[in-house]
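Each chain gets a letter, A, B and so on, in the order its sequence line appears, and its residues count up from 1. The figures that follow rest on heavy atoms only: side chains count, while hydrogens, waters and symmetry mates do not.
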Amino acid sequence: MENFLNELNDVQYKCITETEGPQLILAGAGSGKTRVVTTKIAYLVKYEKVNPQEILAFTFTNKAAKEMKDRVSKLLESDVERMWIGTFHSMCVRILRRDLNLPNYTKNFSIFDTTDQKTLIKECIRELNLDDKIYTPNYVQNRISGLKNEGITPLEFEKFAFSPIDKKLLDLYKIYENKLESNNAFDFDDLIIKVIELFNSDNMVKTYYQQRFRYVFVDEYQDTNNIQYQLIKLISGLHKNICVVGDADQSIYKWRGANINNILNFEKDYNNTNQIILSQNYRSTQNILNIANSVIQNNTERIKKDLWTSNLEGDKPTLYEAGNSTEEAIQVGSTIEKLIQEGKSPSEIAILYRSNYLSREFEEQLIKRDIKYKVIGGIKFYDRAEIKDILGYLRLIINDDDDISFRRIVNSPKRGIGDVTIDKLAEIAIEKNISLYKALDYVEEYDKLFDARAQKNLIGFKNLIDNLKLKSTSNSISELLDFLLERVEYITGLEKIDTVEARSKIENIEEFLSSVKNFEDSEEGTLHEFLVGVSLLSDVDKTENLDEAVSLITVHSAKGLEFGHVFIVALEEGVFPSAYAELDEDMEEERRLMYVALTRAKDNLYLSSAKSRMRHGKINYQLPSSFIDEMGDNLIKISPVNSNKVRFQPKETTNKNYVYTSKKGVDSKTNIPNSNIYNTGQKIKHSKWGMGIVTQIIESQGDQLVTVLFDNGELKTLIGSMAPMEVVS
DNA sequence: GAATAAGTTGTTTTT
DNA sequence: CAACTTATTC
Ligand SMILES: Nc1ncnc2c1ncn2[C@@H]1O[C@H](COP(=O)(O)OP(=O)(O)OP(=O)(O)O)[C@@H](O)[C@H]1O
């Protein structure tokens, strides 16, 4: 890569060669922001002779970090191990592991994820005897995390917590923080806060990092929150060579504390900011860009900016309005099948949706067509109960103050230690102000508390953990795990149950074991590093770019990615935009989300919606997304296939891509006689039962089993060809 | 204390 | 719908 600078336009080139001082690069989607950062890092090292260890770059996900490292290393033809490139959270853990110095913490701290936080918060709510209808764990977690993201400590909150609810919240916040501390644990927000506190309290440490990192970069700057901003400011405070890149129109994490003011404040806080705007889009066709621009300009809280491209005009995006969600999924499935038959790479195809639950029907259709796919996000692998159990053991082994993990695994698998026993143990722990694990030492002393059985079980458990602790000091992680699973009889226990679920759990555990082996082979890290890695993994990171597979992904997770052919589905009011967006500002964020979705596409965009969709087990009738109107007449509308008869005789005028292709004769749907085809969501009239709605269809031997919810409340399953009923409109 | 049955609730997005 | 909680029984 002799001349990587040739791959840049003039403005990009300017960004890269103006290396000194604060630089704010604002630019629309696909204008090469990420490319600027990677190339600039390479430029600094190659032409400015900057030492790689003087480089620090914050990315949004670990995957983005990995990609950045890969690209830089390609440009430089050398490894980039000494650069710090990673998410805020992982960089902070790195700092804490090195320099953490707090009286009640050790460097083997646990990281509490959102679920752990809520568990802890539930305890707090119970202790304060608060009404759990008002103070739901969700609400409290949200509020506390919101405060922490803003950098508001309990002490500061006290100054303006006046409402009765806020006063209670303050109490909760205080107890919560104490509990974290006694668990030797940090939540996600703490990772950043504690580094800021560390810098502010220890000048030596602060100076070390300030001197070391001569060049600091932040990608996806529009989604940084207040504490991240503070951290950036601190860490770049000496050299002030801070280069941030972002796009205000792509700010989609406000709900997580992202503060768009960070863009505005930048120029105030850094003198002589070099602001550069990139406005040429290299990613998308003109037609795609037109739609994206036309949607985003409806935001009023926005600095207008022009984004143009010299790319080809391309195909016009299409819009398909399906009668119901299954039809929509079939349409998308068969279009994807067609694309692949035409020779398009599956990895260049993505289905984007607003919420995870929407992936299901599309998965079913892809499975039917034997199309490989990967779902990014949703139920995370490491979130499965069996994996969390094992992680719980590991966490407890290296941090025995971690009561959350203790509670999780003390009776999993069942070993006769129930809630009552644990509550008694917790009494000892509270009285002595120690962890649950340490309270185990007093079980014999407090023998009147426990019956013989419970006492025996508790002592057995203590021996188990102590054994594991011992093992952990001298063995590799996978040896420890083998021993653990053996001793705990986790797998043998599952084998005895022998259900489909148990089998899949065993498979998951085996997959987990091999991922541990992978970690050991590639990184040679400690157990703590392994656990940290797992805790901070994001959804996008988890899924390897395995092989050629279609991606199913939320719009949030798709930020920063690009695909040749993008399907944006379920474009309905209440879904996208979400029903939860009530305020104007929420609506604007939804619109930005739409903008992100649209600008992921390089060549083709396929939009679709359904008139009815199941949610929470009942049918919702949906209106098309208001964003569709905002796209103007740049769309080719494909009329809904309103009856199944039409399905088999597609009109000539129908867009080619949307012709139904029935791949295999086995497809039961093609065998159904035309006379009585029902679809879920249809209204029907039965001669005896009256009006009702079709809630489920089961295809069976060329006929349909139709489940109908009648208006009188009765739920009946009827044989499609026999039942005296008809569809009404 | 564990296993089952019945009832209830709801995340939109995730480091 | 499915995941989670509560009630009931052994
Ligand atoms: N000067 C250039 N010449 C050709 N292609 C370019 C140039 N700059 C960027 N690209 C290409 O344009 C696409 C978008 O670039 P990149 O991902 O860096 O943009 P971005 O601004 O970070 O996008 P987003 O805001 O959507 O994350 C990439 O495929 C990249 O390779």
Undergrad: Return no unless some side-chain N or O of A/S90 is found under 4.0 Å from OP1 or OP2 of B/dT15.
TA: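 For B/dT15, OP1/OP2 do not have a side-chain N/O of A/S90 under 4.0 Å.
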
Undergrad: The side chain of A/H556 is closest to which nucleotide in this list: B/dG1, B/dT13, B/dT15?
TA: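 Comparing B/dG1, B/dT13, B/dT15 against the side chain of A/H556, the answer is B/dT13.
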
Undergrad: Just checking A/K122: base, sugar-phosphate only, or nothing, at a heavy-atom cut-off of under 4.0 Å?
TA: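 The residue A/K122 makes sugar-phosphate contact but no base contact.
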
Undergrad: Is there a side-chain contact between A/L231 and A/C92, using heavy atoms and a 4.5 Å cut-off?
TA: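 They are in side-chain contact.
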
Undergrad: So, is A/S557 near the phosphate of B/dT14, with a side-chain N or O under 4.0 Å from OP1 or OP2?
TA: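 Yes, A/S557 has a side-chain N/O under 4.0 Å of OP1/OP2 on B/dT14.
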
Undergrad: For A/N411 and B/dG1, is the shortest distance between a side-chain N/O and OP1 or OP2 below 4.0 Å?
TA: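 Result: no.
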
Undergrad: Assign A/D189 to base, sugar-phosphate, or nothing according to its heavy-atom contacts below 4.0 angstrom with the strands shown.
TA: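 Result for A/D189 = nothing.
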
Undergrad: By nearest nucleotide on DNA chain B, pick out whichever of A/R415 and A/E590 is the more 5' one.
TA: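 With A/R415 and A/E590 compared, the 5'-side residue is A/R415.
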
Undergrad: Identify, between A/F88 and A/A581, the residue whose nearest nucleotide on DNA chain B lies closer to the 5' end.
TA: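 Nearest-nucleotide comparison on DNA chain B picks A/A581.
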
Undergrad: Nearest-Å distance, CG (A/L458) to C1' (B/dG1)?
TA: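 Computing the A/L458:CG to B/dG1:C1' distance gives 13 Å.
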
Undergrad: Looking at A/N142, does any N or O in its side chain come under 4.0 Å of the phosphate oxygens OP1/OP2 on B/dT11?
TA: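 Answer is no, no contact under 4.0 Å.
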
Undergrad: Where do A/K148 and A/D187 land on the salt bridge (Lys or Arg N to Asp or Glu O under 4.0 Å) test, with the steps shown first?
TA: CA-CA 10 Å; A/K148 293 180 83 162; A/D187 63 21; 2.8 Å; yes

Undergrad: Centre of A/Y357's six-membered ring, under 6.0 Å away, within 45 degrees of the axis: is that where NZ or CZ of A/R615 sits?
TA: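 Flagged: A/R615 positioned over aromatic ring of A/Y357.
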
Undergrad: Going by the side chain to side chain contact (heavy atoms under 4.5 Å, CB included) test, name the single residue among A/S609, A/S325, A/S625 that passes it with A/E572.
TA: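 Only match with A/E572 under side chain to side chain contact (heavy atoms under 4.5 Å, CB included): A/S609.
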
Undergrad: I'd like to check, for A/Y253, whether its ring lies over the base of B/dT13 with centroids under 5.5 Å apart and a plane angle smaller than 30°.
TA: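 So no, this residue does not stack on that base, at least one cut-off failing.
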
Undergrad: Heavy atoms only, 4.0 Å cut-off, all strands: where does A/V420 land among base, sugar-phosphate and nothing?
TA: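 Counting heavy atoms under 4.0 Å across all strands, the contact made by A/V420 is with sugar-phosphate only.
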
Undergrad: For the side chain of A/T554 and the base of B/dT14, is some donor closer than 3.5 Å to an acceptor across the two?
TA: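 For A/T554, whose side chain was compared with the base of B/dT14, there is no donor-acceptor pair (under 3.5 Å).
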
Undergrad: Measure from the side chain of A/H616, starting at C-beta and using heavy atoms only, and say which of B/dG10, B/dT15, B/dT13 lies closest.
TA: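 Looking only at side-chain atoms, A/H616 lies closest to B/dG10.
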
Undergrad: With a 4.0 Å cut-off on heavy atoms, is A/R592 in touch with a base, just the backbone sugar-phosphate, or nothing at all?
TA: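 Counting heavy atoms under 4.0 Å across all strands, no contact is made by A/R592.
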
Undergrad: Is the phosphate of B/dT11 approached by A/N138 (side-chain N or O, under 4.0 Å from OP1 or OP2)?
TA: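 Answer yes for this pair, as a side-chain N or O of A/N138 is under 4.0 Å from OP1 or OP2.
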
Undergrad: Please list, in 5' to 3' order, the outermost nucleotides of DNA chain C lying under 4.0 Å from any heavy atom of chain A.
TA: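 On DNA chain C, the outermost contacted nucleotides are C/dC1 to C/dT5.
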
Undergrad: By the 4.0 Å heavy-atom rule, please label A/S355 as base, sugar-phosphate, or nothing.
TA: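 Sugar-phosphate, backbone atoms only, no base.
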
Undergrad: Does the ring center of A/F406 lie less than 6.0 Å from the ring center of A/F461?
TA: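 For A/F406 and A/F461, the ring centres are under 6.0 Å apart.
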
Undergrad: On the six-membered ring of A/Y621, is A/K611 placed so that its NZ or CZ lies under 6.0 angstrom from the centre and within 45° of the ring axis?
TA: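 No, a cation-pi geometry is absent between A/K611 and A/Y621.
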
Undergrad: A/R591 pairs by side chain to side chain donor-acceptor pair (under 3.5 Å) with which of A/N298, A/D249, A/N299, A/D586?
TA: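 For A/R591, the side chain to side chain donor-acceptor pair (under 3.5 Å) test succeeds with only one of A/N298, A/D249, A/N299, A/D586, which is A/N299.
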
Undergrad: When you measure from the side chain of A/R256, which nucleotide among B/dA2, B/dT14, B/dG1 comes out closest?
TA: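 The answer is B/dT14.
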
Undergrad: Once you apply a heavy-atom cut-off of 4.0 Å, does A/G617 come out as touching a base, just sugar-phosphate, or nothing?
TA: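 A/G617: base contact, heavy atoms under 4.0 Å.
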
